[in-house]
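Just so you know, these numbers come straight off a predicted model, no measurement behind them. Sequence lines set the chain letters: A, B, ... in the order given, protein chains first and strands last, and positions in each chain run from 1.
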Amino acid sequence: MSSLSRSTRPVLLLAVLWLLLGWLDASYLYRLASMALVFGLLAASANLITGVAGMMTLGHAAFYGVGAYTAALLSSQYQFSPWLTLPLAGVTAALLGGLTAWLTRRLVNVHFAVATLGIGQAVYVTLLNWVDFTRGPMGITDIAPLSTASPAINLGLVMLVFLLCYLLLERTIHSYYGNALRALREDEQCVAAMGLDPARLKIQVMVLGCFIAGLAGALWAHSTRYVSPGDFRFSESITILAMVVIGGLGSLPGAIMGALLLTLLPELLRSLGDYRMLVVGSIMFGFIMFLPKGLIGEYSALRVFRSHLKALEQS
Amino acid sequence: MLDFFDVFLVQQLLNGLAQGLVYALIAIGFTLIFGVLNVVNFAHGEIYMLGAFAGLLAIQVLAPPAFAVLLLVAAAGLVLGVLLERVAFRPFRRFNDEASLKSKALREATLLSSLAISIITRELMQLYVGADMQSIPQAYLLMTPIQLGPLSIASGQVLIFVTALLMFVLLQWLLFRTRLGLSIRAVSNNRLGALHVGINVNHIIIATFAIGSLMGAVSGIVVGLYSGNIFPQMGFSPGIKAFVAMVMGGLDSIPGAVISAIVLGLCEALSTDFVSQGWSELISYALLLITLLYFPRGLFGKKVERV
């Protein structure tokens, strides 16, 4: 296994999964898989912002929602192709994220969390009430799928985007730049003393994280082909945060594990339908209480990734 | 005299004042807990909701006089506060050294645990009683209009006004005129210092939670008696508004939170002249962001060094 570099392994894993799902050929499984991948992206991007850079965000669903609505509106109203809506959705969400970070660049700790909560609620209220533009609570239907070829190709495309974002995030987190972000989390004043600009780092990390959240939103819009404001409420932000906490703050594979757990568990236990948020809350509480480092803690994640790096350098 | 005013406008102002006082009622307990522990208690909105349900239960089971309902709810609030502290906050208060008190990780852990507890409580209630609104029996409903010339106020609004005033005065008396209040202020000022002068910090924190939650629960039933609707999600929206008021007021200033809450209520009521009900929600978030941008320590916050 050690001959495989760290980026080929997720590629192989997803390829096997795709073939397996293609062989099973069940549209329900496709839906489930794309949902898990979308939430994986969301959790991974929230992990970059909250886990690595230490900026507690309570409004991640806003950026996800802005991305989803951008893609939905462009594709249903203006017949843009998904190849265009995807990056545009990312860019709109990144703009909003950058703006948020620029406005809140001086806020620390709970103040930042409150500000993002405010932004999240503001976006939700806007989506709900701007009926002329977003169709309000009725939501947007008739969103084109990613590809008209087959559901399997669609899932493959979602996987491709997921993979690209995963690699981008992984390279970012495990680089000197990632170390700067971790320093920002630990002590802002020290970061400034080292000659780095904390405000700039914050804006950059929010732009990158929200770009990915926007992409996830676009993927969601194109794969479910229906969006409504209800998908982007405060509880969704909390679910994303819970995924990151369960996986272990700061750990990228952990965030994705958390996303898998929290999307698949309520789906697999169908009878738990009404209990979804209850499950989310209880799991979150249990982890904070008994396993605060999460499933795959940051330290162990870092150790694994860095040992790979060392092995690569030596070979 | 009233000819000079637009009656409708004054009526709107009155309604806004009542709504603002509802936010203030919740914000008072919220701010008290934040001031002492320096952590956000996200479950306060759920205490408010549980207070309303406790009152409903008392009415349905015992059918006591209205005054006794308030006392029963206050008792329930005390118990809930102690429970909440035990479950969501105590486990993360294991260390008493300088580093762990300032540690971001511990602060985030309590924020997340109170968030988790609030979700669990809300969802359990929803499973147990259903998501629908429960109505207060007619006899207890405080909807009788009181005419003041061309204006009218509901008796529930008067109750809200009186309760808010009473709570505020009592709390200020408690904080500044009693020994317990002195200890609470000592703990909120410097936990380690309080520990060193022999204050039982644990007891003070429990007492703070009990008082704060008592106020939260009472506000729940007061609002429930006025609006007549009690449902598991009822704590969410006013809870967030109270949160906004707390941040605007400067996080640990109780008068600041009350004034900000009233401003919020007034702004929302006045905004309905220009925009629809749904959009008026946006006003409070806009106010929140503006406050955070221009007054990062809040409108009435202490000018202290950031840590």
Here the gap from B/Ser118 atom OG to A/Ile238 atom CD1, rounded to the nearest 0.5 Å, amounts to 8.0 Å
Check whether A/Tyr124 gets within reach of chain B through its side chain, its backbone, both or neither, counting any heavy atom under 4.5 Å.
neither
If you tally heavy-atom pairs under 4.5 Å between each of B/Ile120, B/Ile119, B/Ile117 and chain A, the highest tally belongs to B/Ile120
Drop me the distance from B/Trp279's CH2 to A/Leu128's CG, to the nearest 0.5 angstrom.
9.0 Å
Flag if over 12 foreign heavy atoms under 6.0 Å of CZ, A/Arg233:
no
Does CE in B/Met125 sit with more than 12 non-hydrogen atoms of other residues, nucleotides or ligands closer than 6.0 Å?
yes
All heavy atoms of B/Ala116 vs all of A/Gly281, minimum pair found to be CB-O, 3.6 Å
Do you know the tightest heavy-atom contact between B/Leu115 and A/Met284?
CD2-CE, 4.3 Å
Please test A/Ile119 against B/Tyr285 for side-chain contact (heavy atoms from CB on, under 4.5 Å), starting from the C-alpha separation and ending with a verdict.
CA-CA 7 Å; A/Ile119 301 249; B/Tyr285 304 122; over 6 Å; no
To the closest 0.5 Å, what do you measure between CZ (B/Phe243) and CD (A/Gln121)?
11.5 Å
Using heavy-atom distances under 4.5 Å, tell me whether B/Ile240 contacts chain A through its side chain, its backbone, both, or neither.
side chain
Any B/Ser113 side-chain heavy atom under 4.5 Å of A/Met289 side chain:
no
Could you walk me through whether B/Leu112 and A/Phe285 pass the side-chain contact (heavy atoms from CB on, under 4.5 Å) test, one step at a time?
CA-CA 8 Å; B/Leu112 290 170; A/Phe285 186 71; over 6 Å; no
Please rank B/Leu127, B/Val40, B/Val244 by heavy-atom pairs under 4.5 Å with chain A and give me the top one.
B/Leu127
So what's closer than 4.5 Å to chain B heavy atoms on A/Thr126: side chain, backbone, both or neither?
both
Roughly how far, to the nearest 0.5 Å, is the CG atom of A/Leu278 from the CZ atom of B/Arg122?
11.0 Å
Side chain from CB out, backbone as N, CA, C, O: work out which of these in A/Val245 comes under 4.5 Å of a heavy atom of chain B, or both, or neither.
side chain
Enclosure of A/Met138 CE (heavy-atom neighbours >12, cutoff 6.0 Å)
yes
Measure the spacing between CG of A/Asn129 and CG of B/Leu282 and express it to the nearest 0.5 Å.
8.0 Å
Under a 4.5 Å heavy-atom cut-off, does chain B meet the side chain of A/Leu241, its backbone, both or neither?
side chain
